[in-house]
Amino acid sequence: MQKPFMFIDWGDGWKSLNDPLQDIAVLAQFSVQWGVETADEQPDPSVMSFTLRDLKGWLTGRALTLAGARILVQISEQPTWAMLTDAMGTWKVQRMPLNRLHSAYAPPTPDNPDSTAITLFGGIISNGGTAAAHKTGWKLKLTASSRLLLWKRLAKQGPTSTDARWAGQHWVTTTVAARLAELNTRAREAGAPEADAAGLETTGTPASYDTSDYPTQLDLLHRLYAHHPHMPLWYEVPHKDTSVIEYTPLNRPVAMRATTDGTLTITDQGTVTPAIPAPLVETDDDTTLTIPEPITQITLKAKKATADDDGVLAFEDDETEMGDRGLLPANLTATQSSLTMESDITTQDDTGGILGRANGTTWTPSEQNRIDAARWLETIDRRLTPETIVFDGRKIDPANRPELYKTSPPDAFTLQGARSGTLADDTSRPTTGGAYTAIGGILTFEWADQTPVLRNEVTLWPIPLDTDRQATWSDMQAWPPTWAQTAMSIAELGLVSAYDQPAIIDQPNWEGVQP
């Protein structure tokens, strides 16, 4: 079966906290609070609470030096045939189907985090905690924060300019790319993860700050791309013993397809994610759906460039609003409700050309940006979302879907076969059908009857579907599944933009062959 592994590093290399032969400790349980609950917030660093059973007291004796040490949690990968051992016995004694054979395999404890295991969380142990006597050893209860915390702590003076037009200002960069490069340079020097903004290229000059104002690097990153039409949320994503700050786009449309066996898939920039069978997902007893409070517009709080009589630049608040463009029913827009995004991008130039001569430029939302914003408003206002969604390792094997058990959003996915799939709105569209991602949650691990159990109770957020091309009946052609196989309503079928067709099997050429 898959097992979790924990490692600690005081600065002299990783040490396993799973191997009792090293007289260190055994991981008993952990819980990680990660992400956010709504799209108008940005994620804070994830926080893990964990318990170690210290068998011989080796770690407890060093408890005062734990704060600041790095911690890493991994889970073993799905074993390959080559990993299965003779100790498992012959084929005859196996009592499980082939697709569960890996659950009988007990992986060895790795010596370091460079193995093939999958990293779930990486962070820094916080101050404090408790140590209590437990049986013949000790029990340690500690907390750790993800290394995104380092970005939150960095708040030093930014780049300045000798140009008199930028007098009294810092964080002077005339392009978004230049500011990101500076943020990453400082992160690298502080031993913090770097941010990857690939795909978020944008024009415009980010506003500088008065030298009396010292924003954190994390705030600077959030405000640097808050205006982007993809509406990114920023998360620390672990990779082995390192991590990268990556974004999850809430407003980048994805496409829904149907495979030849009737399984729905979500395609996002070439990545294909199969649907999650709804019966495998744990919900509350009443299958409660959240009815969202309508958001009728996006308010972008950006910056306007100004200049005084001496030609010295400054920046003031400037607002840009993007509405639903008539996509929502009038009763939903009768009471205006805004989702506010705070950006450093300059959207107006009131300097009489001084900003331009200082190599500054402005950015304003295009017509397509406004269309995209309206589509996003329609998506979130017309979607009922399950209130409780839990991915449990006993139902959805972490070996098969490891992305569902990380402390960052998985690729966009859909749920197939949900009871709510038969619900349709006034436009005959499915009320819960479509694509989702998880924007936050609580990841937990504990032992249940000698079985390691991972559970991730997540907050879902709807993702827009690419509906520019609507599929027709003729697109189905020879699509082979029966209705019983598809596990979807006719309304959900209308969301599919492409139907996979069975491969054509080449027939032998029998011409001229004698019977």
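Because the structure is a prediction, the values reported are computed rather than measured. In this chain, residues are counted from 1 in sequence order.
Residues D268 and T271 bring no donor and acceptor atom of their side chains to less than 3.5 Å of each other. If you check the side chains of W171 and D210, you find no donor sitting under 3.5 Å from an acceptor. Donor-acceptor pairing under 3.5 Å is recorded for the side chains of D318 and T347. Judged by distance alone, the side chains of D163 and S161 never bring a donor and an acceptor atom under 3.5 Å apart. For the residue pair D350 and T306, no side-chain donor N or O sits within less than 3.5 Å of a side-chain acceptor on the partner. Side-chain N/O atoms of R153 and T216 include no donor and acceptor closer than 3.5 Å.
Considering I463, T273, L264 in turn, T273 is the only one that fulfils the side-chain contact (heavy atoms from CB on, under 4.5 Å) rule with F413.
Ring geometry for Y405 against F391 counts as perpendicular: the plane angle is over 60°, on a 0 to 90° scale with 30° as the lower cut.
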Checklist entry - So S208 and W166, side-chain contact (heavy atoms from CB on, under 4.5 Å) or not? Walk me through it. => result CA-CA 8 Å; S208 57; W166 298 101; 3.7 Å; yes
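Residues I125 and T143 are not in side-chain contact: their nearest non-hydrogen atoms beyond the backbone lie 4.5 Å or more apart. Taking the side chain as every heavy atom from C-beta outward, I266 and M256 approach each other to under 4.5 Å. Residues F50 and L17 form no side-chain contact, since every pair of their non-hydrogen atoms from C-beta on lies 4.5 Å or further apart.
Annotation: Y225 is in aromatic contact with W234 [ring centroid separation under 6.0 Å].
Open room surrounds CD on E293; 12 or fewer heavy atoms of other groups in view lie less than 6.0 Å from it.
Residue pairs meeting the salt bridge (Lys or Arg N to Asp or Glu O under 4.0 Å) criterion with at least one member in residues 183-206, sequence neighbours excluded, are E182-R186, R188-E194. The ring pair (Phe, Tyr, Trp, His ring centres under 6.0 Å) analysis of residues 133-157, with sequence neighbours excluded, yields no pairs.
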